[in-house]
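Read through the structure below, which is laid out as structure tokens, and then see the notes.
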Amino acid sequence: MSKKIFSGVQPSGNLHLGNYLGAIKNFVELQNVKENQCIFCVVDLHAITVKQEPKELKKNIRETAATFIACGIDPTKSIIFNQSMVSAHSEAAWILSCVSRIGWLNRMTQFKEKAGKDKEKASIGLYSYPVLMAADILLYDATHVPVGDDQKQHLELCRDIAQKFNNDFNVQNFLKVPEPLIQKQFSRIMSLKDGMKKMSKSDASDLSRINLTDSKEEISNKVKKAKTDTLPLPENVEALVERPEAENLLGIYASLKNQNLENSINEFKKQNFSEFKKKLSDALTEKIEPISKEIKRLLNDEKYLDSILLAGSDKADKIASKKIKEMKELVGF
Ligand code: AMP
Ligand code: TRP
């Protein structure tokens with residue numbers, strides 16, 4: 001069955017291995033199924049929910065587009081565009097925010113994490129961010145949304161918002177209720193410095209993540225310094241309990257090699273970390289170095305990147321403006 005795929009990545013700099021293994025790698029696989037129609041969005045409206053330096057933001061929008069392309073998203077097969085170029089996203093977000101309930105948004109754990117202790121000082125955009133995300137998805141009648149594990153709750157909310165809109169305006173199936181596509185294994189890559197914390201672009205320590213722009217030397221240095229424990233590598237999956245760092249590193253290796261965790265464990269069982277780290281470093285370099293070089297090459301060609309985003313937003317706008325027009329009719333505008 002052909003799928004309509006939509007996903008988004010924020011242009012907030014430092015795209016990392018978690019973004020790649022948890023999301024972008026999956027985007028490429030979905031794109032390469034001939035029947036699928038794929039749309040990948042640089043969600044710049046989402047990025048400004050926290051303060052951004054305008055010049056940096058512009059650079060990061062191009063860098064995110066370059067990363068998509070460097071990872072294998074082909075602009076002749078998929079639509080690549082940035083959200084702020086298609087005004088229907090903002091309009092739909094407003095309409096949907098009048099359908100969404102405060103009680104639903106109050107349950108969003110990502111807001112609680114990102115807002116931290118001082119919730120009163122967080123932007124209203126940060127709070128209503130999942131409604132904008134729902135607008136992104138619903139404007140394109142997306143059937144499937146590939147994301148990392150941390151976006152699961154936002155997708156459940158998107159489903160609730162779609163159903164509420166359809167009920168309120170008595171239009172069954174007008175907004176399509178999308179299915180999340182979250183990988184069973186390796187959908188949450190953890191920090192190299194703390195196996196209990198997600199690998200994140202906002203972590204203060206650059207040693208906590210492998211950036212998609214890292215060089216071979218940076219990768220090998222970060223893997224060397226990655227936290228481990230004092231035991232040898234385990235013999236089976238059960239023995240990974242309470243060894244989050246070992247589990248994460250073995251998971252990264254397995255995901256890079258497209259194999260399951262058991263295979264990686266068999267390859268390294270009872271060995272010490274230093275041998276394994278060398279192999280891990282090689283596997284990372286093999287995957288990331290070509291991506292890193294291609295991102296840098298593409299960043300030198302701003303004209304090309306801008307032309308991809310412009311052509312992509314034209315295509316996206318055709319789809320989204322039709323849907324928002326229908327939404328406005330239904331609302332009574
Ligand atoms: P963001 O950079 O927050 O816009 O995230 C882009 C995509 O990467 C989303 O689908 C996230 O779920 C995914 N992602 C971000 N961090 C991780 C991580 N540490 N592990 C797995 N997936 C991640
Ligand atoms: N909120 C997502 C994140 O931070 C990014 C995003 C925005 C998204 N709109 C989306 C993901 C629509 C999937 C579909 O990772």
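Both counts, for ligands and for their atoms, begin at 1 and track the order of listing.
In this structure, H89 and Y140 have tilted ring planes: the angle between them lies in the 30° to 60° band.
R62 has a carboxylate O that lies under 4.0 Å from a charged side-chain N of D306, or vice versa, which qualifies the two as a salt bridge. Note on K193 versus E245: no salt bridge recorded, every NZ/NE/NH1/NH2 to OD/OE distance being 4.0 Å or above. Salt-bridge formation is not detected for the pair K198/D203: no Lys NZ or Arg NE/NH1/NH2 atom is positioned less than 4.0 Å from an Asp or Glu carboxylate oxygen. Using a cutoff of 4.0 Å between basic side-chain nitrogens and carboxylate oxygens, R159 and E156 are not scored as salt-bridged.
When the salt bridge (charged side-chain N to carboxylate O under 4.0 Å, His left out) test is applied to K325, no partner is found at least two apart in sequence or on another chain.
In terms of modelled atom types and a separation under 3.5 Å, the side chain of K222 and the main chain of R209 share a donor-acceptor contact.
At a heavy-atom cutoff of 4.0 Å, ligand 2 is surrounded by F6, S7, G8, Q10, V43, H46, Y129, M133, D136, I137, V145, V147, Q151. Protein residues with a heavy atom under 4.0 Å from ligand 1 are V9, Q10, H16, G18, N19, G22, A23, V147, G148, D150, Q151, S187, R188, I189, K198, M199, K201.
L310 belongs to a hydrophobic cluster whose remaining members, ordered by chain and number, are M85; membership requires side-chain heavy atoms of ILVMFWY residues under 4.5 Å apart, directly or through intermediates.
For the pair C38/F27, no side-chain contact is recorded, criterion being any heavy-atom separation below 4.5 Å from C-beta on.
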